[in-house]
Number of protein chains: 2
Amino acid sequence: MAMKALTKPTIYQVAQLAGVSIATVSRALRDSELVTEQTRERVRAAARQLRFTPSGSARSLAEGRHAANGIVFPDLVGPYYAEVILGYEAAAAATGSSVLILATHGRRDPAAAVRDLAGRVDGLTVLGRTVGDDVIGQIAASGVPVVLLARDPVPGVDSLRAANASTARALAAHLAGHGHRDVTFLGDPEGSPDVAGRFAGLRAGLARQAGTELHLVRPRGLDLQAGEEAARALLRGRRPDAVVCANDEVALGVLLAAEAAGLRVPGDLAVTGWDDLLAARFAGLTTVRQPMRELGAAAARWLHRRITETKRNEPARAARRRILATEVVVRRTCGPHEEVQQQ
Amino acid sequence: MAMKALTKPTIYQVAQLAGVSIATVSRALRDSELVTEQTRERVRAAARQLRFTPSGSARSLAEGRHAANGIVFPDLVGPYYAEVILGYEAAAAATGSSVLILATHGRRDPAAAVRDLAGRVDGLTVLGRTVGDDVIGQIAASGVPVVLLARDPVPGVDSLRAANASTARALAAHLAGHGHRDVTFLGDPEGSPDVAGRFAGLRAGLARQAGTELHLVRPRGLDLQAGEEAARALLRGRRPDAVVCANDEVALGVLLAAEAAGLRVPGDLAVTGWDDLLAARFAGLTTVRQPMRELGAAAARWLHRRITETKRNEPARAARRRILATEVVVRRTCGPHEEVQQQ
DNA sequence: TTGAAAGCGTTACCAG
DNA sequence: CTGGTAACGCTTTCAA
């Protein structure tokens with residue numbers, strides 16, 4: 001049977017077996033027009049027999065491109081980033097690019113990891129609070145195109161995000177319409193640009209509503225447990241009319257804590273989230289829906305444009321910015337509605 | 001100010017600027033002992049000034065390794081794969097490896113994409129129903145270590161999965177204990193090895209229970225909508241006592257359809273899922289919990305072992321198999337319980 | 001401690 | 001149409 005593959009076969013072995021030059025092998029395997037059907041077949045047979053797979057690094061080096069791009073995100077907990085990455089991967093695949101992922105969360109030195117990644121790709125998408133502006137700036141200046149996603153802009157770098165402030169204002173108006181006056185925001189504006197935008201929008205929206213007040217409480221994180229803990233503490237003190245949470249997971253934690261405390265939602269306490277996770281629907285949680293997959297896809301497409309225009313040495317166009325629309329999804333937890341609102 | 005980076009700087013420019021040879025640059029930048037502190041600083045300064053980032057492909061080619069491994073999965077919908085990938089990325093990072101992801105779902109030619117990927121990595125993890133045994137076999141035989149995850153084993157290849165059949169048997173016993181006799185399984189055993197295992201286990205479990213019957217209905221897919229559609233059709237006919245679903249999303253769809261049909265769960269119909277998504281908790285869905293993150297991490301670690309032992313040309317050990325334990329999570333939808341069961 | 005030079009496995013140009 | 005042969009940018013002996 002087949003002998004053991006002690007060492008990976010190279011183009012040379014294929015050439016030898018097929019009785020042609022390596023140049024011909026390269027051409028035949030990449031469907032160049034410049035080969036006889038006959039030679040092509042012979043080469044293919046040899047390649048198959050040897051189980052030859054071209055070395056990606058050698059190819060990249062010779063072609064002067066990596067045929068890959070990277071995406072950097074803080075973590076992968078919760079469906080949010082997963083959806084973004086899925087959209088990203090699909091769009092990147094359409095442009096013939098592989099995707100390298102990098103989670104900065106548990107890293108010793110995120111900046112170093114991102115710099116290293118920058119050397120392995122044709123372009124990079126960076127999400128949220130992963131590395132500082134300085135790192136972004138250096139990478140962009142070193143000639144690697146960068147797209148920012150859900151992150152504060154950096155001069156000269158494309159950036160893409162979902163609407164936060166405007167929708168948060170709409171949410172504020174909706175809550176005020178329910179008669180909620182004493183509102184607490186559960187989230188850390190310093191923790192992420194998205195959260196900052198949501199808080200700012202909420203504040204602006206409530207400022208237009210007479211007699212409302214807004215308090216800020218920072219949970220330990222953005223997960224279920226952080227929400228639960230924060231709510232437990234919060235509900236022991238003066239209880240607000242409504243808790244607006246930085247994301248759905250925190251809001252779901254609040255729901256759990258409220259239930260444990262014997263409070264009715266929305267009767268005793270209104271709660272809202274952000275993201276519209278699947279769980280939000282089953283919890284009846286009023287929230288905000290974001291086009292996550294589209295966000296990822298758009299980033300991949302922008303990056304591809306930058307990469308091709310850089311390669312062609314075209315005059316670099318000015319940095320682009322775009323904000324994708326989001327929408328309030330009204331369900332049960334924001335307050336009693338006359339008519340049944342179904343989503 | 002800094003001039004435009006028309007072309008990416010190479011080690012040669014750094015060497016020239018620092019007034020040393022490229023060998024010294026290479027050593028200095030990689031913290032070799034063989035450089036004076038003084039030279040090292042000079043080189044570093046030059047590299048910084050030029051914003052030099054070593055080319056990943058050149059480095060890989062020279063080192064004879066990619067310092068990257070790949071993970072292939074069908075899709076990324078639902079939190080399942082995201083969790084697996086997160087665990088994988090974290091473990092891979094710990095071994096100094098980058099991660100290349102590849103979703104086969106919308107691809108024209110998954111096999112070709114996976115073969116290409118195999119040329120860009122030191123090892124590969126393949127999940128579920130993405131490519132056939134033949135492709136797996138070729139890749140493994142070509143000298144690229146492979147680990148299979150949630151997939152039927154291939155001779156000579158390590159494989160890792162979460163328990164399906166045994167836990168499904170336990171689930172069957174639990175349902176029978178509730179008095180459910182007429183059970184329908186909602187899922188396509190041919191669609192994935194996991195689903196096949198769950199169905200087989202359920203069948204085996206019910207076979208031990210006198211007077212039970214099991215029916216099989218194949219939904220269009222594994223998402224919410226598929227479950228909803230399938231349930232709508234199912235509930236129009238002879239209604240079963242219990243519907244065991246291939247995964248949580250399908251089960252949640254069934255819940256929606258049951259509600260729309262005015263049925264009480266679990267009073268009129270018991271429902272179970274599989275995966276223990278966050279949404280399952282809020283829907284009160286009885287389901288099965290899988291150690292998803294651990295699954296991914298274990299795959300990355302196994303792969304790393306294979307890679308190092310292959311590189312050292314050690315005698316390849318026999319293929320390993322492991323099945324990680326899963327557990328039934330009893331909630332509301334499987335039937336009435338005397339005592340409140342909290343999770 | 002440093003430099004020169006030989007690869008690493010492809011692609012692509014230039015002759016024939 | 002095919003073969004020879006420079007690149008590609010880095011790491012790593014081998015000498016000095």
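Within every chain, numbering begins at 1; the chains are lettered A, B, ... in the order of the sequence lines, protein sequences first and strands thereafter. Heavy-atom basis, side chains included; hydrogens, waters and symmetry copies ignored.
In terms of modelled atom types and a separation under 3.5 Å, the side chain of R42(B) and the main chain of L17(B) share no donor-acceptor contact. Side-chain atoms of T10(B) come within 3.5 Å of backbone N or O of Y12(B) as a donor-acceptor pair. Panel note: side chain D122(B), backbone A67(B); a donor-acceptor pair is recorded below 3.5 Å. Under a 3.5 Å cut-off, the side chain of R120(B) and the backbone N or O of H66(A) do form a donor-acceptor pair.
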For nucleotides 8-16 of chain C, give me one character per nucleotide, 5' to 3': B if any protein heavy atom sits under 4.0 Å from the base, S if the only such contacts are to the sugar-phosphate, - if neither. BBBBBB---
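Of the side-chain N and O atoms in T36(A), one or more sit less than 4.0 angstrom from OP1 or OP2 of dT2(D). Phosphate proximity of dT1(C) to T24(B): absent, as no side-chain N or O sits under 4.0 Å from OP1 or OP2. In this structure, T39(A) reaches the dT2(D) phosphate: one of its side-chain N or O atoms is under 4.0 Å from OP1 or OP2.
R51(B) is not listed as a side-chain neighbour of K8(B), based on a closest heavy-atom distance of 4.5 Å or more.
For the atom pair Y81(A) OH and L127(A) CG, the distance stands at 6.0 Å (nearest 0.5 Å). The CG atom of L149(B) sits 5.5 Å away from atom CG of L160(B), with the distance rounded to the nearest 0.5 Å.
When rounded to the nearest whole Å, the span between CZ of R40(B) and P of dT1(C) equals 10 Å. Rounded to whole angstrom, the span from the CZ atom of R65(B) across to the P atom of dG7(C) amounts to 23 Å. Here dT2(C) presents its C1' atom at 13 Å from CD of Q38(B), a figure rounded to the nearest Å. Rounded to whole Å, the distance from CG on L34(A) to P on dG3(D) is 13 Å.
Heavy atoms of S60(A) sit nowhere under 4.0 angstrom from any nucleic acid atom.
Judged purely by distance below 3.5 Å, without hydrogens or angles, the side chains of S60(B) and S57(B) never pair a donor atom with an acceptor atom. R115(A) and Q138(A) share a donor-acceptor pair across their side chains, judged by distance under 3.5 Å alone.
Computed from C1' positions of five pairs at each end, the angle between the two local axes of the helix from dT1(C)-dA16(D) to dG16(C)-dC1(D) equals 40°, rounded to 10 degrees.
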